[in-house]
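Take a look at the structure below.
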Number of protein chains: 2
Amino acid sequence: MQRDTSQRRAIRRALEDAGRPLGALEVLEASKGEAPGLGIATVYRNIKALLEEGDISEVALPGEPPRYEAAGKDHHHHFRCARCERVYELGGACLPDLKNALPRGFRVTSHEVLVHGVCAACSKR
Amino acid sequence: MQRDTSQRRAIRRALEDAGRPLGALEVLEASKGEAPGLGIATVYRNIKALLEEGDISEVALPGEPPRYEAAGKDHHHHFRCARCERVYELGGACLPDLKNALPRGFRVTSHEVLVHGVCAACSKR
DNA sequence: CGTTATTTGATACTGTGTTATCATTATCAA
DNA sequence: TTGATAATGATAACACAGTATCAAATAACG
């Protein structure tokens with residue numbers, strides 16, 4: 001990935017401008033205006049390259065394919081709409097400040113916290 | 001699923017006794033003592049049935065196959081060990097009380113909050 | 001411009017987790 | 001105990017997301 005192609009520009013731009021994390025198919029859709037005829041393989045290829053270059057980062061969701069967002073943001077969390085399945089970015093607040101950090105009109109039905117680390121048993125080895 | 005088989009008993013028991021959410025293969029392993037020769041298909045079948053009956057619930061994780069735990073627990077979160085890949089149950093505390101709620105010897109490297117709900121745009125329809 | 005090597009798009013393929021199939025085994029009501 | 005039928009185990013089939021392949025298109029260098 002060293003050449004500057006219209007497809008690559010469109011994909012990078014789509015991710016930068018979205019304001020929320022996008023899945024591979026969302027990237028495809030969002031990029032088609034600027035790069036008609038864009039194929040899904042190219043989207044995957046460029047997402048991979050952008051990840052390796054550190055320009056975007058992966059937003060992993062339980063039971064769903066990952067979304068991608070511009071890298072370098074401050075600590076923040078996400079909101080997934082159960083209807084449109086879009087994922088939004090929430091401000092930096094952690095629970096239980098989260099209610100206040102919600103955009104107007106967003107309704108919460110549940111939340112999930114997953115903590116990553118090393119357990120006591122594994123720490124001993 | 002209406003008959004009381006040794007396999008079904010073993011699977012239910014494994015999930016009840018584990019004290020932490022188990023994946024399908026973990027269930028298989030944990031049940032083999034009580035039900036030798038147990039097949040993975042039977043594990044999946046019974047997990048599905050137990051889910052439908054509401055006896056267990058699914059713990060979805062980003063980028064991983066789901067784990068399963070006894071249903072009816074109070075609100076709580078999970079901890080995934082990066083080394084052994086086991087998932088543990090954490091007490092009911094939400095962030096930022098989470099640090100105090102950690103079992104002794106558990107080390108946190110990161111955490112994730114995912115909020116579920118309906119966004120403003122979808123609420124309007 | 002022309003050459004060369006990278007990127008693209010279409011699509012075949014892969015890997016992983018789960019489900020379907022089906023002959024065999026086991027449960028359970030009579 | 002027996003007979004109907006549900007559950008099991010082995011494994012084939014499936015679904016999905018992502019990757020490899022390869023001919024054609026195109027960027028980048030002179």
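Chain A is the first sequence line, chain B the second, and so forth, proteins listed ahead of strands; every chain is numbered from 1. Keep in mind that the numbers below use all heavy atoms, side chains included, and drop hydrogens, waters and symmetry copies.
Annotation for A:Ala10 and A:Ser31: closest pair O-OG, 3.6 Å, computed over non-hydrogen atoms. When all heavy atoms of A:Ser57 and A:Ala71 are compared, the pair lying nearest together is OG-CA, 4.1 Å. Contact between A:Tyr88 and A:Pro21 at its shortest, heavy atoms only, is C-CD, 4.3 Å.
Qualifying salt bridge (Lys or Arg N to Asp or Glu O under 4.0 Å) partners for B:Glu64, counting only residues two or more places apart in sequence or in other chains: B:Arg67, B:Arg80. Legend: residues meeting salt bridge (Lys or Arg N to Asp or Glu O under 4.0 Å) with B:Arg45, ordered by chain and number and at least two apart, are absent. With sequence neighbours left out, B:Glu26 forms a side-chain hydrogen bond (donor to acceptor under 3.5 Å, both in side chains) with B:Arg20. Listed by chain and number, the residues in a side-chain hydrogen bond (donor to acceptor under 3.5 Å, both in side chains) with B:Gln7 amount to none (sequence neighbours excluded). For A:Arg8, the side-chain hydrogen bond (donor to acceptor under 3.5 Å, both in side chains) test picks out A:Asn46, A:Glu53, with sequence neighbours left out. With sequence neighbours excluded, the residues forming a side-chain hydrogen bond (donor to acceptor under 3.5 Å, both in side chains) with B:Arg9 are B:Asp4, listed by chain and number.
Each end of the helix from C:dC1-D:dG30 to C:dA30-D:dT1 yields a helix axis from five base pairs, and these two axes differ in direction by 40° (to the nearest 10 degrees).
Of the two residues contacting DNA chain C, namely B:Pro66 and A:Arg3, the nearest-nucleotide position lying further toward the 5' end is that of A:Arg3.
Read 5' to 3', the first and last nucleotides of DNA chain D with an atom closer than 4.0 Å to a heavy atom of chain A are D:dA17 to D:dA28. Nucleotides of DNA chain C that come within less than 4.0 Å of any heavy atom of chain A span, from the 5' end to the 3' end, C:dA5 to C:dT11.
Within the structure, every pair that satisfies the salt bridge (Lys or Arg N to Asp or Glu O under 4.0 Å) test and touches residues 33-43 of chain B, not counting sequence neighbours, is listed here: B:Arg13-B:Glu34.
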A:Glu58 vs A:Glu69, side chain to side chain contact (heavy atoms under 4.5 Å, CB included): CA-CA, chis, key distance, verdict: CA-CA 7 Å; A:Glu58 187 176 307; A:Glu69 65 184 5; over 6 Å; no
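Residues from residues 34-57 of chain A with heavy atoms under 4.0 angstrom of DNA chain C, sorted by number: A:Gly37, A:Leu38, A:Gly39, A:Ala41, A:Thr42, A:Arg45, A:Asn46.
Chaining together hydrophobic side chains whose heavy atoms lie under 4.5 Å apart places A:Val43 alongside A:Ile11, A:Leu15, A:Leu22, A:Leu25, A:Val27, A:Leu28, A:Leu38, A:Ile40, A:Tyr44, A:Ile47, A:Leu50, A:Leu51, A:Ile56, A:Tyr68.
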